Amino acid sequence: MTTRVLIVDDQEMVREALRAVIDRRDEFTVVGDAADGEQAVAMAFDLRPDVVVMDVRMPGMTGVEATRRILTHWSRPEPPPRILVLTTFDLDEYVHAALRAGACGFLLKNSPPDQLAHALRVVADGEAMLAPSVTHRLIGAFTALPAGLVPGTPRPHAGRDRITDALTARELQVLVLVARGRSNLQIADDLGLTQANVKSRVNRILTRLGLDNRVQAAVLAHEAGLLPADPPGGPHR
């Protein structure tokens, strides 16, 4: 099975370049490309891709609003596509808003082809494309995100008690490691579990807390004060 990809960017040259990079790899198939947010929403519902590579800044409907509409109004029996945000600016307010709206991660437009392929694999597998080095900056920036940038999309929030009541002790451990930016493989190594077991636990955490993805889980854990002080030797990297 190949990963089906929809490309969204208002610049034709960028779309063509992305298609050339993605199509040359047998594991991916580009099923379409859209020039704006409105077209992206329609094509996502029609083509049902596994991953949408979404330009965040576009005239008319932005990638933020397109992300929100795709994930909010998805009514197909299969899961909605994973959204990978493309941006020229590292961690600007539009990237924050897109991640808050449910995007699984972001990638700079000048990233090399191998990094794009890696990002597609990561988000297609249900993980977040967020380097641990930016996790703390990202979470901090969420708290200052202007209200109304993502209309109708509430910030995920729950008190510590509700989270601890909803999750088992092991799931709380997994949630904290997700919030620290650890991958499924790293969490498995940390806790002596298999990757499949970690992936299953992450999915249960998202379901029980009513979240869309690992990014929102990380935000929730930070906002609820679940992260202990960094362990001796500094945070995981």
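Because the structure is predicted, anything quoted here is derived from the model rather than measured.
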Is there side-chain contact between [X] and [Y], with heavy atoms separated by less than 4.5 Å?
X      : Y      : value
Ile205 : Val174 : yes
Pro49  : Val31  : yes
Val53  : Val8   : no
Leu191 : Gln173 : yes
Val56  : Val64  : yes
Pro81  : Val51  : no

To the nearest 0.5 angstrom, please state how far the [atom1] atom of [X] sits from the [atom2] atom of [Y].
X      : Y      : atom1 : atom2 : result
Met43  : Ile70  : CE    : CD1   : 10.5 Å
Lys109 : Leu18  : NZ    : CG    : 8.0 Å
Asp189 : Arg182 : CG    : CZ    : 8.0 Å
Ile163 : Leu220 : CD1   : CG    : 4.0 Å
Phe28  : Arg19  : CZ    : CZ    : 14.5 Å
Leu107 : Thr87  : CG    : OG1   : 10.0 Å

Given side-chain contact (heavy atoms from CB on, under 4.5 Å), test Leu177 with Val198 step by step and report yes or no. CA-CA 11 Å; Leu177 291 173; Val198 172; over 6 Å; no
Contact summary for [X] and [Y], nearest pair of heavy atoms:
X      : Y      : result
Ala179 : Ala218 : CA-CB, 3.7 Å
Trp74  : Arg76  : NE1-CB, 3.4 Å
Leu47  : Leu6   : CD1-CD1, 4.4 Å
Glu171 : Ala166 : OE1-O, 4.4 Å
Leu211 : Ala217 : CD1-CA, 3.5 Å
Val123 : Cys104 : CG1-CB, 3.9 Å

Pair Asp125 + Arg82, salt bridge at N-O below 4.0 Å: no
Between Lys199 and Glu127, is there a salt bridge with N-O shorter than 4.0 Å? no
Other residues, nucleotides, ligands: >12 heavy atoms within 6.0 Å of [X] [atom1]:
X      : atom1 : answer
His118 : NE2   : no
Asp26  : CG    : no
Glu12  : CD    : no
Gln39  : CD    : yes

Take Arg160 and Thr164 through the test side chain to side chain donor-acceptor pair (under 3.5 Å) and record every step on the way to the result. CA-CA 6 Å; Arg160 176 192 287 262; Thr164 55; over 6 Å; no
Using a 3.5 Å distance criterion without hydrogens, assess whether the side chain of [X] forms a donor-acceptor pair with backbone atoms of [Y].
X      : Y      : value
Asp50  : Arg4   : yes
Gln186 : Ser183 : yes
Thr72  : Arg68  : yes

Apply the test side-chain contact (heavy atoms from CB on, under 4.5 Å) to residues Asp36 and Met61: give CA-CA distance (whole Å), side-chain angles for both, the deciding distance (0.1 Å), then the verdict. CA-CA 7 Å; Asp36 56 48; Met61 186 187 295; over 6 Å; no
Could you walk me through whether Arg201 and Asn184 satisfy the side chain to side chain donor-acceptor pair (under 3.5 Å) test, starting with their C-alpha distance in whole Å, then the side-chain angles of each, then the deciding distance to 0.1 Å, before giving a yes or no? CA-CA 10 Å; Arg201 290 177 188 272; Asn184 284 354; over 6 Å; no
For Arg121 and Arg25: C-alpha separation, side-chain torsions, deciding distance, then whether side-chain contact (heavy atoms from CB on, under 4.5 Å) applies. CA-CA 12 Å; Arg121 293 188 200 103; Arg25 297 176 183 264; 3.7 Å; yes
Looking at Asp9, Asp10, Asp33, which hits side chain to side chain donor-acceptor pair (under 3.5 Å) with Arg15? Asp33
List for me each residue that meets side chain to side chain contact (heavy atoms under 4.5 Å, CB included) alongside Ala103, sequence neighbours excluded, and say none if there are none. Thr67, Ile83, Val85, Ala98, Leu99
The side chain to side chain contact (heavy atoms under 4.5 Å, CB included) partner of Leu175 among Val202, Leu226, Leu206 is Leu226
Evaluate side-chain contact (heavy atoms from CB on, under 4.5 Å) for Arg208 paired with Thr168, printing each intermediate quantity in order. CA-CA 11 Å; Arg208 290 176 177 177; Thr168 66; 4.1 Å; yes
